[in-house]
Engineer: 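Structure provided below as structure tokens; questions to follow.
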Amino acid sequence: MLDPRLYREDVDTIRKGLDRRGAKIDLDAMVNIDIEKRKINLTLDQLKSERNIATEQIARMKRDGQDAQSAIEKTRSLGDEIKAQQEKFDELEKRFRDLALLVPNLPHASVPDGKTSADNVVRRVWGDKFAGPKPKHHLDFSRELGLHDFERGAKIAGSGFPIYVGLGARLERALINFFLDEHITHNGFTEIQPPVLVNQAAMIGTGQLPKFAEDMYTIGEDGLYLVPTAEVPVTNMHSGEVLDAAALPIAYAAYTTCFRREAGSWGKETRGFQRLHQFDKVEMVMFSDPAKSYQAHEKLVGYAEGLLQKLGLHYRVLELCTGDMGFGAAKCYDLEVFAPAEERWLEVSSVSNFEDFQARRANIRTKIEGKAQFVHTLNGSGLATPRVLVALLESNQTPEGGFRIPECLRPYMGGLEEIRPKKK
RNA sequence: GGAGAUGUGGCAGAGUGGUCUAUUGCGUCUGAUUCGAAAUCAGAAGUCCGUGCAAGCGGUCCGGGGGUUCGACUCCCUCCAUCUCCGCCA
């Protein structure tokens, strides 16, 4: 959510920011509601003030043993008037808030202008281009090694719910543990295991709701949502709190299963691991002093990159353009790994600075030099496993048809160096 | 799932229809005293909204929401959380 003051003090700034994003919002309507709301608020406050004076008089009369009946009669209508005005005010406030929750964040000045992913800027590329003969497609390769079972997953849940089998399951667990251990032992994160069901307030806090309701799995009976990312529970952990400034930045790393309906995006790019309804991800979440959030942002990207470097994967860092950024982001980097069989770059991490966009929604503040202010929230995948797995499977094939396990994962695989094809 | 209890400021803990502008204690901050500190004394301090150039002024907030009333921390309804006992259970 944007600072509500902006709508009346500097709506041009909002307009310019939204234009850069290509977002269409009826700002005039919002400004008018806000003006109307303030007008009513003023009369409402005056009426309440009158009532306070009147009831005080009644109290005094009663104390002095005087008959207050006529004063009570006179005040009676005031209550009805207040109730009527209050209803109007509440209605306007709700209308304004409902609209405000649908307004995306404004892009940071440094974000490149653009309309689509084609306008994103490649900031750097790490590692060498894949050399040698074209490897097998990860799905065929996985089948040969017996690591995953999509068919049976589809049988029990639907497409997009793979089963990890044997060493495939262990490899998944190895990735998760490797990511988490790196964050908590080298990068200074505190590990969190949050609930994977959250309430509506949490989903609004981080910006998934109200706009993206159709992407979420819901538990209607209990009013709960399955988390699409650990960002939701971990960020909202501190909702309504005033964080100790000395404790900032707070850095959490959390592994959760993530659930996404992916409504509307089903079609191509859906084969194998590239778009799943359920997947594993380790998420980095940070609460920062507003003045330091952009340094923190760069650090987060670095942590995610470090993982890919240890895995030995060829990747690139994109700076997203204004038109391609997510709803709440003020600035965002994407990390993409190269899948040599598909010959495509696959997004494995998205690292965003939300500034105070989420902190306003979730009411997360701190006190700096005696003044209460909203913190900045940041988060980034570190990392999501499925596409990392794709790149690994396609990049680490041995001439004998086996899968060479990257060194950093071997301790988590009981020292195993290679997964060999099943004997026929 | 059943029965009961509780929810008040940073913390502890009073307050059962009207100066509550929320008693008090601890903690915090400022000042006095002191070479400095402790102790002591005096004072200050919250949130959010509106209004104003500003000092300020008005409103709001006692778990959330709603109701009764001229007036609600106080009474009623409802939801949530915590605690105790019972039941069930990985």
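Residue numbers begin at 1 in each chain, while the letters A, B, ... track the order of the sequences.
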Engineer: Rounded to whole Å, please give me the gap between CZ in A:Arg8 and C1' in B:G50.
Structural biologist: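 Result: 8 Å.
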Engineer: Give one of base, sugar-phosphate or nothing for A:Lys83, where a contact means two heavy atoms less than 4.0 Å apart.
Structural biologist: sugar-phosphate
Engineer: Is the shortest distance from a Lys or Arg side-chain nitrogen in A:Glu73 or A:Arg76 to a carboxylate oxygen in the other one below 4.0 Å?
Structural biologist: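 Answer for the salt bridge query: yes.
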Engineer: Using a 4.0 Å heavy-atom cut-off, does A:Leu42 contact any base of the nucleic acid, only the sugar-phosphate backbone, or nothing at all?
Structural biologist: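 If one applies the 4.0 Å heavy-atom cut-off, A:Leu42 turns out to touch the sugar-phosphate alone, with no base involved.
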Engineer: Distances under 3.5 Å only, N/O to N/O: pair up the protein atoms with those of nucleotides 57-63 of chain B.
Structural biologist:
from: B:G58; atom 1: O3'; to: A:Ser49; atom 2: OG; distance (Å): 3.4
from: B:G58; atom 1: N2; to: A:Asp45; atom 2: OD2; distance (Å): 2.7
from: B:G59; atom 1: OP1; to: A:Asn52; atom 2: ND2; distance (Å): 3.0
from: B:G59; atom 1: O2'; to: A:Asp45; atom 2: OD1; distance (Å): 2.9

Engineer: Heavy atoms only, 4.0 Å cut-off, all strands: where does A:Thr55 land among base, sugar-phosphate and nothing?
Structural biologist: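 Answer is base: heavy atoms of A:Thr55 come under 4.0 Å of a base.
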Engineer: Got a salt bridge between A:Arg8 and A:Asp34, using NZ or NE/NH1/NH2 to carboxylate O under 4.0 Å?
Structural biologist: yes
Engineer: May I ask you to decide whether A:Arg123 forms a salt bridge with A:Glu319, counting only side-chain N to carboxylate O separations under 4.0 Å?
Structural biologist: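 Salt bridge present between A:Arg123 and A:Glu319.
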Engineer: Dot-bracket for RNA chain B, please. Rules: Watson-Crick or G-U, both distances under 3.5 Å, ( ) within the strand, [ ] when a pair crosses earlier ones, | for another strand, . otherwise.
Structural biologist: ((((((((.[[[..)..(.....]]].(((((.......))))).(.((((....)))).).[[[[[..)....]]]]])))))))....
Engineer: Applying side-chain contact (heavy atoms from CB on, under 4.5 Å), can you list everything that pairs with A:Pro411, at least two apart in sequence or on another chain?
Structural biologist: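 Counting only residues at least two positions away or on another chain, A:Pro411 forms no side-chain contact (heavy atoms from CB on, under 4.5 Å).
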Engineer: Respond yes when some side-chain nitrogen or oxygen of A:Arg38 is under 4.0 Å from OP1 or OP2 of B:U51, and no when none is.
Structural biologist: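 Answer is yes, contact under 4.0 Å.
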Engineer: For the side chain of A:Ala59, starting at C-beta, report the closest nucleotide among B:G18, B:C70, B:G50.
Structural biologist: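 Minimum distance to the A:Ala59 side chain belongs to B:G18.
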Engineer: Out of A:His277, A:Arg261, A:Arg260, which one pairs with A:Tyr217 under the side chain to side chain donor-acceptor pair (under 3.5 Å) rule?
Structural biologist: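 Result for side chain to side chain donor-acceptor pair (under 3.5 Å) with A:Tyr217: A:His277.
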